[in-house]
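What follows is one structure encoded as structure tokens, with my remarks underneath.
Every number for a ligand or one of its atoms is a count from 1 in the order of the listing. Note that the structure is a prediction, hence the values are computed from the model and not measured.
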Amino acid sequence: MSIAVYPGSFDPITNGHTSILRSGLVAFEKIIMAVLVNPRKNPLFTVEERMAMIREASEEMGIDPSRVEVDSFDGLLVDYCRHKGANVILRGLRAVADFEYELQMANMNRHLNPNVETTFIMADDAHFYVSSNLIKEAAKLGGDVDALVPKSVAARLRAKVGA
Ligand code: ADP
């Protein structure tokens, strides 16, 4: 079975992430959405909340639950991939700004484990400028971001920041 790990902060999952997930499922039989446990980033949502929102989003999208696993991980991503029996890392690429960071990470991961390959899917044009950080900022200031996130995320954002 072709399995890819799609790692990220997903704080929260956006329509940009879900579009990469949908495209990824064309290429891979199963995708593991792996939430990075990273307290340095000072996330708005807990790991459990972020995982719940990913589950709700894939349900909303009508994805066969056997094709998406939602998990969290800490430590080296390549070790996590080995543990899960996955040899592909899936990442999304937006504007040029993503490229250098993603290239560095892909090269480091290849150095750490040459058996794990990173693949990229281009953001679609509707989501080129969508990021979790901008969505959080706009929501905190009372902006309407409903069209940019799954339904359950919009509700949870409102509850969290009162937007
Ligand atoms: P990280 O902290 O690991 O960058 P993110 O949740 O911000 O976690 O992003 C996870 C992955 O999803 C990254 O590869 C990122 O480039 C990609 N991504 C984020 N937003 C979008 C989007 N709007 N369209 C396509 N890919 C995206």
Protein heavy-atom partner closest to [atom] - residue, atom, separation in Å:
| atom | value |
| --- | --- |
| atom 15 (C) of ligand 1 | Gly92 O, 3.7 Å |
| atom 8 (O) of ligand 1 | Ser9 N, 2.9 Å |
| atom 21 (C) of ligand 1 | Arg94 CD, 3.4 Å |

State, with a plain yes or no, whether a side-chain heavy atom of [X] is found less than 4.5 Å away from one of [Y].
| X | Y | result |
| --- | --- | --- |
| Lys136 | Val161 | no |
| Leu77 | Leu112 | no |
| Ile32 | Tyr6 | no |

Counting heavy atoms only, name the option from His17, Arg50, Arg91 that's nearest to atom 13 (C) of ligand 1.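 Ranked by closest heavy atom to atom 13 (C) of ligand 1, first place is Arg91.
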
More than 12 heavy atoms of other residues, nucleotides or ligands under 6.0 Å from [atom1] of [X]: is that the case?
| X | atom1 | answer |
| --- | --- | --- |
| Phe128 | CZ | yes |
| Glu59 | CD | no |
| Met61 | CE | yes |
| Arg55 | CZ | yes |

Numbered atoms and elements of ligand 1 in range of [X], under 4.0 angstrom, heavy atoms:
| X | value |
| --- | --- |
| Glu102 | 13 (C), 14 (O), 16 (O) |
| Phe10 | 6 (O) |
| Ala123 | 24 (N), 25 (C) |
| His127 | 22 (C), 23 (N), 24 (N) |

Any Lys/Arg nitrogen of Arg91 or Asp98 sitting under 4.0 Å from an Asp/Glu carboxylate oxygen of the other? no

Please classify the [X] to ligand 1 contact at 4.0 Å (heavy-atom distances, strictly less than): side chain, backbone, both or neither.
| X | result |
| --- | --- |
| Pro7 | backbone |
| Ile20 | side chain |
| Tyr6 | side chain |

Quick check: does Gly8 get an N/O under 3.5 Å from an N/O on ligand 1?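 No, since none of the N or O atoms of Gly8 sits under 3.5 Å from an N or O of ligand 1.
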
Any side-chain donor paired with an acceptor under 3.5 Å for Asn133 and Ser131?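 There is no such pair (donor and acceptor under 3.5 Å, judged by atom type) between the side chains of Asn133 and Ser131.
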
Assess Asp98 for proximity to ligand 1: is some non-hydrogen atom of it under 4.0 Å away? yes

